[in-house]
Amino acid sequence: MQLSLNLARSPLEGVRDALLEAFGPQRPKARMDPVSQLVKSSISHRTLDATSWAAFLRLQSEFQTWEDLARAEPETVLALIADVTHAEDKARRLPLALRMVEARVGWLSLSHLRNQTVEQARHELRALPGVGQKVAASVLNFSTLAMRDLVVDSHVHRTAQRLGLVGSGDPTHSYHGLMALVPDSWTADDLFELHCLMKHGLGQMLCQHDAPRCGACPLKAQCRRVGVEGARVLEWRPRT
Ligand code: SF4
């Protein structure tokens, strides 16, 4: 089932335009190198941003280089990232993933990915332990690689389904459905912006998991509200 906003345009353009009007432009302020982004994204899954950023800064402060992290014992890494979700798995997989990059490339770098297609680069990243579609897309789109890929986290997945942009399925299904709707003219920055608008604007401020605020939503006229029936929909009330 597809959201119908304007037959001449991708439905993503209508969503982007409405969210831009509500939340304003969202452009990247700084980009990390791709290995640093891999480290950050690998510890971020199902973890609050503030918690994962603090853990990332502890890793940066403990290890002079990411090569040192690649050779660290999992117990050492675990002590630094203990408060992120699934910390033991991440502490075991992250050094292993970095060593696999070194073994494949010859040194610890992911810069060569910019010479590949998004599909090739995604395939290579997903072969690393602990790297799913979200981590792979964030390395490709958020880092200095700045490639045309969309990060689909739980907020983007949920809101895309409720809007009717994608059908039922897991986040990987939503990722492929949304990527198929991306206009050819959109840049990596445009995809970064869509992610931010759907996550931080729509997903976290209005279309929350248990209580979507449909009455205040800039997409309320177009939204199919798929699966919202069971949620506690909060209607907007003017301040008195
Ligand atoms: S109208 Fe409601 S369900 Fe649809 S995107 Fe907005 S808040 Fe979510």
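Order of appearance sets the numbers: ligands from 1, and atoms from 1 within every ligand.
- Protein-derived N/O/S atoms nearer than 2.8 Å to atom 2 (Fe) of ligand 1 total 1, waters excluded.
- Of the possible donor and acceptor atoms, none in the side chain of K220 sits under 3.5 Å from a partner among the backbone N and O of C214.
- For Q204, the CD atom counts as densely surrounded, since its 6.0 Å shell holds more than 12 non-hydrogen atoms of other residues, nucleotides or ligands.
- Between S41 and K134, the side chains place no donor N or O within less than 3.5 Å of an acceptor N or O (distance only, hydrogens not considered).
- Ring geometry, F142 versus F192: the interplanar angle exceeds 60°, so the pair is classed perpendicular (tilted spans 30 to 60°).
- Remark: Y175 pairs with no residue by the ring-ring contact (aromatic ring centres under 6.0 Å, His included) rule, at least two apart or across chains.
- The side-chain contact (heavy atoms from CB on, under 4.5 Å) test with V15 singles out one residue from L181, L197, L219, T159, and that residue is L219.
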